[in-house]
Trainee: 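Before anything else, here's the structure in question.
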Amino acid sequence: MHRRFKGALLAGAVIGIVSPAAAQTEIQWWHAFTGRLGELLDQQVKDFNASQGDYVVVASNKGNYSEALNAGIAAFRAGEQPHILQVFEVGTATMMAAKGAVKPVYEVMAESGLPFDPDAYMAAVKGYYTTTDGQMLSLPYNSSTPVLYVNRDAFTAAGLDPDMDLSTWQNVGAALDGLKAGGSTCPLTTAWQSWIHLENLSAYHNVPFATKENGFAGLDTELTFNGPVQVQHIQAMGDWAKDGKFIYTGRRNEGGANFRGGECALFTESSAGYAGVKSEAQFAFDIRPLPYWDGVEGAPQNTIIGGASLWVMAGKPAEDYKGVAAFLNFLSSPDVQAAWHQNTGYLPITLAAAEKTKADGFYDANPGTEIAGRQMTAKAPTPNSKGIRIGSFDQIRTVIDEELEAVWAGDKDAQAALDSAVARGNELLRRFEQANR
Amino acid sequence: MEKRVTFKGWFLPLLLVLPQAIVSAVFFFYPAGQAVWQSMFIPDPFGLKSQFVGLGNFEYLLGNSYYRASFVTTAIFSTLVTVVSMGVALYLALLADRLIKGSGTYRTLLIWPYAVAPAIAGVLWLFMFNTRVGVVAWYLGVLGYDWNHVLNGTEAMGLVVVASSWGRISYNFLFFLAGLQAIPKSVIEAAAIDGAHFWTRFRTIVWPLLSPTTFFLLVVNIVYAFFETFGVIHTITAGGPQQATTILVYKVFSDGFVGQDLGSSAAQSVILLIVVSALTIVQFKFVERRVHY
């Protein structure tokens, strides 16, 4: 920035006049991607910058999701906020409540005059970031949904048919019995237990995770994930843990190492884990839809997303927002989205990108990669399966992690643990409500 | 007899104290005052609005059984870290003090771990004890012990204590060794001639003469265990399983930076400040009496 400023001064001194039209507007984007994802993101930025001459997007990594959010908040307090901030899905309620700190995407797009059609986006994806009256607040960027990864060789080794039906948890239970009997030391493991086994479980069985449409309709929401469907599932998982059929490896995606190393037969993980499994697995694997409990009315409904969206921060000159809008428009274009989807395993956020990927023949070449999209779009989302929008969500997930660990360790039964998680979570929700009154 | 230096007038002594006073004011009193002020509000994360709640944050915290349990966890954790890191350091220092050949190498090697940042130390220990790929966990498995700190709270506590103490042993070792070498050899030799065995010499001569060092290390190590072990806990257990390793300072972090609940976080800092001040006062009032300078 400094150099450019000096350069401009120098140019001005030489020509004798600083022409404002020649200056490019800089758009700051703070994100949480490193490694391969960071490279792909940088490529998008490079392509955008090369595609036009009015704006320069500058992307900076600010650590992991929590750290990027904190950096954005701290910067806002200091008046130094970026134009665009990548915020993970659990931070959605925090950002939404910060009226005055963010500029809703629909507003940015409307003011820019650029074509913007919210209906071009997948309903199940945009729903997470849209108000109850249909206005898109942030732009979906990277979205994924949980699926079931199957180590086919482990099934064969245990004397099971790797093509057996694993669409219901009842069938998975039978498979776990067989795997255990066949000598498997890790029949099932999971990543992101709260996201997959409570949040998605609730949506997938069309039962509420929280009141007020899972928090979409108001800050006075209360958690309700201690209902019979959730208790039944967590109890089953707890029983499997006791029998050594479900191996708990940690709160994040630690289990991925065990699955990719070939130790675990089944693994519930984000669809975005596909690239890692594909590059590391030395065994035959396939991807199946997330199982559901047969007998629960309405199941399977649709699963919900995880990942992050792009929030536009308030307090920048009006001219800058035109650049932001142009960039967001670029990111949503079918080519960019289709490439992103195919390279990362994240969902295509627009229907056009999904169509293009299909037309490219990607799904035929990579069987299983279409499952996540199909699972999300099979049915129109209900108030229980649009997403979850509750405050202090990151902390509530920690509470859930703690209580679930009590079940896996055999210290509590599922009902007691979920009741306690609900009570503790509600306390956090009341504080969030008070802070944002 | 205390030495006293008397100044004529006020100007020079004030001038001499000024730099320290400024440093304390800027880096301690001002932020501490801010924490006290913030602890009486519930702000939103972006600083757009803020509500005065008086002692509401403290009421909320102290009424929460999980927060109260965190005091017990902190007490267990800091006692263990202090005892382990000082005990092992003293033992090693006693050995190094008796060494004649190669003591330089030995000492240098013992000091190395101090150069490792807590978060890195945490990752190192985590790798060794990883339930699936860890070397130590694997050997324990060979011996028939199923190591699983991911679900077993006692094992998790043991692991964070060891990881937090490890680097600290070096620091304590340095001070203990210096303390031991400051004890006049003639006193110990005289005792030896009188027929006192090693243990008797240690108990009646070395330990009392070492007490200023021990006292200093006690204060410093407790403060370390309370505040600086954050990185180790963050990398190894993140406070889990359940809340087995959630010490007070870790909760300050998670409520403030994960939960964006700055009011509660500030109130917790104030409580932590009070606890550590009280502990230090107790140490100076009661423990220091038994120190021989």
Side-chain angles (χ1 to χ4, degrees), chain A residues 66-67 69-70 72-74 76-78 81 91 94-95 97-102 186 189 241 247-252 254-255 257-258 261 263-264 313-314 391-399 401-406 408-412 417 420 424 427-428 430-432 434-437, chain B residues 41-53 56-57 59-61 63-67 69 126-127 130-134 141 146 148-156 234 236-246 250-251 253-265 267:
Chain A
S66 296
E67 287 159 0
L69 177 58
N70 272 314
I73 290 174
F76 180 82
R77 295 178 79 116
Q81 70 273 27
T94 302
M95 297 303 288
K99 292 183 185 71
V102 299
C186 176
T189 190
I247 302 296
Y248 177 64
T249 50
R251 296 177 177 181
R252 302 169 62 82
E254 291 88 343
N258 303 337
E263 189 194 353
C264 298
M313 306 290 286
S392 302
F393 200 2
D394 210 358
Q395 256 184 320
I396 288 173
R397 274 198 180 160
T398 305
V399 165
D401 284 336
E402 289 171 5
E403 296 292 346
L404 289 182
E405 280 167 352
W408 312 152
D411 295 343
K412 283 187 184 175
S420 166
R424 292 171 64 191
E427 257 181 57
L428 292 168
R430 294 296 72 80
R431 270 190 79 81
F432 182 80
Q434 194 175 358
N436 290 290
R437 197 172 278 163
Chain B
F41 292 86
I42 296 186
D44 88 303
F46 290 86
L48 298 167
K49 51 189 180 285
S50 184
Q51 294 163 62
F52 182 76
V53 288
N57 284 325
E59 244 172 76
Y60 164 73
L61 283 169
N64 183 321
S65 62
Y66 288 88
Y67 183 65
L126 183 60
F127 269 124
N130 183 297
T131 49
R132 294 281 152 179
V133 297
D146 181 22
N148 189 3
H149 69 266
V150 179
L151 275 183
N152 184 321
T154 315
E155 289 173 5
H234 190 51
I236 298 186
T237 63
Q242 298 179 49
Q243 286 214 332
T245 55
T246 305
Y250 192 71
K251 225 176 136 50
F253 161 78
S254 62
D255 284 5
F257 288 94
V258 178
Q260 318 288 354
D261 187 347
L262 299 178
S264 157
S265 191

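Below, read A as the first sequence line, B as the second, and so on, with proteins coming before strands; counting in each chain starts at 1.
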Trainee: Counting only non-hydrogen atoms closer than 4.5 Å, does B:Asn64 touch chain A with its backbone (N, CA, C, O), its side chain (CB onward), both, or neither?
Mentor: side chain
Trainee: Of all of A:Ile247, A:Asn70, A:Asp394, which one pairs up most often with chain B through heavy atoms under 4.5 Å apart?
Mentor: A:Asn70
Trainee: Please look at A:Ile396 and chain B and tell me whether the side chain, the backbone, both or neither of the residue comes under 4.5 angstrom of a heavy atom of that chain.
Mentor: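 Answer is neither: A:Ile396 stays 4.5 Å or more from chain B.
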Trainee: Go through the structure and list residues passing salt bridge (Lys or Arg N to Asp or Glu O under 4.0 Å) with A:Arg77, not counting sequence neighbours.
Mentor: none
Trainee: Does the plane of the ring in B:Phe52 sit parallel, tilted or perpendicular to the ring in B:Phe41? Use 30° and 60° as the thresholds.
Mentor: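 B:Phe52 and B:Phe41: perpendicular rings.
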Trainee: Measure B:Val53 against the heavy atoms of chain A and call it side chain, backbone, both or neither at under 4.5 Å.
Mentor: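 Interface part for B:Val53: side chain.
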Trainee: Chain A heavy atoms under 4.5 Å from B:Pro43: which part of the residue, side chain, backbone, both or neither?
Mentor: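 Backbone only.
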Trainee: Does any backbone or side-chain atom of A:Ala257 lie under 4.5 Å from a heavy atom of chain B? Answer side chain, backbone, both or neither.
Mentor: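 Neither; nothing under 4.5 Å.
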Trainee: With a 4.5 angstrom heavy-atom cut-off, could you sort out which part of B:Ser50 is near chain A: side chain, backbone, both or neither?
Mentor: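 Contact with chain A: none, neither part.
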Trainee: Tell me, for A:Glu403 versus chain B, whether the close heavy atoms (under 4.5 Å) come from the side chain, the backbone, both or neither.
Mentor: side chain
Trainee: Specify whether B:Phe253 and B:Phe257 have parallel, tilted or perpendicular ring planes, treating 30° as the upper limit for parallel and 60° as the lower limit for perpendicular.
Mentor: parallel
Trainee: Can you tell me which portion of B:Tyr66 sits under 4.5 Å from chain A's heavy atoms? Options are side chain, backbone, both or neither.
Mentor: side chain
Trainee: Tell me, for B:Asp261 versus chain A, whether the close heavy atoms (under 4.5 Å) come from the side chain, the backbone, both or neither.
Mentor: side chain
Trainee: Please classify the contact between B:Leu151 and chain A as side chain, backbone, both or neither, with a heavy-atom cut-off of under 4.5 Å.
Mentor: both
Trainee: Measure A:Glu263 against the heavy atoms of chain B and call it side chain, backbone, both or neither at under 4.5 Å.
Mentor: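 The side chain, not the backbone.
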Trainee: Using a 3.5 Å distance criterion without hydrogens, assess whether the side chain of B:Asn152 forms a donor-acceptor pair with backbone atoms of B:Asn148.
Mentor: no
Trainee: When only pairs under 4.5 Å are counted, which of A:Ala98, A:Gly250, A:Ser66, A:Ser392 shares the most heavy-atom pairs with chain B?
Mentor: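 It is A:Ala98.
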Trainee: Among all residues two or more places apart in sequence or in another chain, which pass the salt bridge (Lys or Arg N to Asp or Glu O under 4.0 Å) test with A:Glu405?
Mentor: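 Counting only residues at least two positions away or on another chain, A:Glu405 forms a salt bridge (Lys or Arg N to Asp or Glu O under 4.0 Å) with A:Arg251.
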Trainee: Is there a side-chain contact between B:Thr131 and A:Glu254 (heavy atoms, below 4.5 Å)?
Mentor: no
Trainee: Atom CD of B:Gln242 and atom NZ of A:Lys412: how far apart are they, to the nearest 0.5 Å?
Mentor: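 One finds 6.5 Å between CD of B:Gln242 and NZ of A:Lys412.
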Trainee: Measure distances from A:Asn258 to the heavy atoms of chain B and classify the residue's part below 4.5 Å as side chain, backbone, both or neither.
Mentor: side chain
Trainee: Heavy-atom distances under 4.5 Å only: say whether B:Ser254 touches chain A with side chain, backbone, both or neither.
Mentor: backbone
Trainee: So how far is it from B:Tyr60 OH to A:Gln434 CD, rounded to the nearest 0.5 Å?
Mentor: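 So the OH of B:Tyr60 and the CD of A:Gln434 are separated by 10.0 Å.
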Trainee: Heavy-atom pairs under 4.5 Å with chain B - which of A:Val399, A:Ile73, A:Asp401, A:Asn436 has more of them than the others?
Mentor: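 Option with the greatest count: A:Ile73.
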Trainee: When the ring planes of A:Phe76 and B:Phe46 are compared, do they come out parallel, tilted or perpendicular, using 30° and 60° as the limits?
Mentor: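 Perpendicular: the ring planes of A:Phe76 and B:Phe46 meet at over 60°.
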Trainee: Does B:Ile42 offer a backbone N or O that forms a donor-acceptor pair with the side chain of B:Gln51 under 3.5 Å?
Mentor: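 The answer is no, because no donor-acceptor pair under 3.5 Å joins these two groups.
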